[in-house]
Amino acid sequence: MEEETLFSKIVKGELPADIVFQDDRVTAFRDIHPQAPTHILIVPNHIIATVNDVTTEDEATLGHMFIVARDLAQAEGVDQDGYRLLVNCGQHANQEVLHLHMHLLGGRPLGRMLPASA
Ligand code: DGP
């Protein structure tokens, strides 16, 4: 059996979180260290460690994450001004939690995606 993650425990209700959406495929909850007025994490309910571990069987769930992100952006009132969807993968991206997650960030100008230096 797949090893539990912080986020799989949140999905199952075994750890507390401010859950803003949940269905049979994905769960969305507020980031514990928000970096913007809206900072929500959208995770697949089943554990996919990183983008490197995605399979074709995950396609529908990953697509669904974008639908949920769109709806949450609207619900949060950030859809018109714009927002950022971000997925970190691995060490160089500072992925902290090995359970694939999409960050939804908005509510203020977010600046450039990365500093200008390559
Ligand atoms: P990343 O660097 O992409 O792996 O981002 C992990 C995010 O997860 C980070 O912004 C902080 C957030 N986070 C870590 N632990 C918890 C937790 O227990 N609860 C919640 N709500 N967020 C967490």
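All values reported here derive from a predicted model rather than from experimental measurement. We count ligands from 1, going down the list as the structure has it; atoms in each ligand are counted the same way.
Residue Gln95 has no N or O atom closer than 3.5 Å to an N or O atom of ligand 1. Among the atoms of Gln35, none of the N or O lies under 3.5 angstrom from an N or O of ligand 1.
Annotation: His103 is in aromatic contact with His101 [ring centroid separation under 6.0 Å]. Between Phe29 and Phe7, the distance separating the two ring centers is shorter than 6.0 angstrom.
The side chain of Leu41, and not its backbone, has at least one atom closer than 4.0 Å to an atom of ligand 1 (non-hydrogen atoms only; side chain from C-beta on).
Near Asn88, meaning under 4.0 Å from any of its heavy atoms, are these atoms of ligand 1: 1 (P), 2 (O), 3 (O). The ligand atoms of ligand 1 that sit less than 4.0 angstrom from a heavy atom of Val97 are 4 (O). Heavy-atom proximity to His101, at under 4.0 Å, picks out these atoms of ligand 1: 1 (P), 3 (O), 4 (O), 5 (O), 6 (C).
Residue Leu100 is tested with Thr61, Val54, Val43 for a side chain to side chain contact (heavy atoms under 4.5 Å, CB included); the sole match is Val54.
For His46 and Asp58, the side-chain atoms include at least one donor-acceptor pair closer than 3.5 Å.
Rounding to the nearest 0.5 Å places CD of Glu4 at 12.0 Å from CD1 of Ile10. Rounded to the nearest 0.5 angstrom, Leu41 CG and Ile19 CD1 are separated by 11.5 Å.
Taking every heavy atom of both residues into account, Pro44 and Val11 meet most closely at O-CG2, 4.5 Å.
Atom 10 (O) of ligand 1 has its nearest heavy-atom neighbour, among Ile32, Ile10, Asp31, Leu6, in Asp31.
Remark: the backbone N or O of Gly111 is paired with a side-chain donor or acceptor of Arg84 at under 3.5 angstrom.
Looking only at protein heavy atoms, the nearest one to atom 4 (O) of ligand 1 is Glu96 N, 2.6 Å. Given atom 2 (O) of ligand 1, the protein heavy atom at minimum distance is Asn94 O, 2.9 Å. Among all non-hydrogen protein atoms, the one lying nearest atom 21 (N) of ligand 1 is Arg30 O, 2.9 Å.
Not a single heavy atom of Leu15 lies less than 4.0 angstrom from ligand 1.
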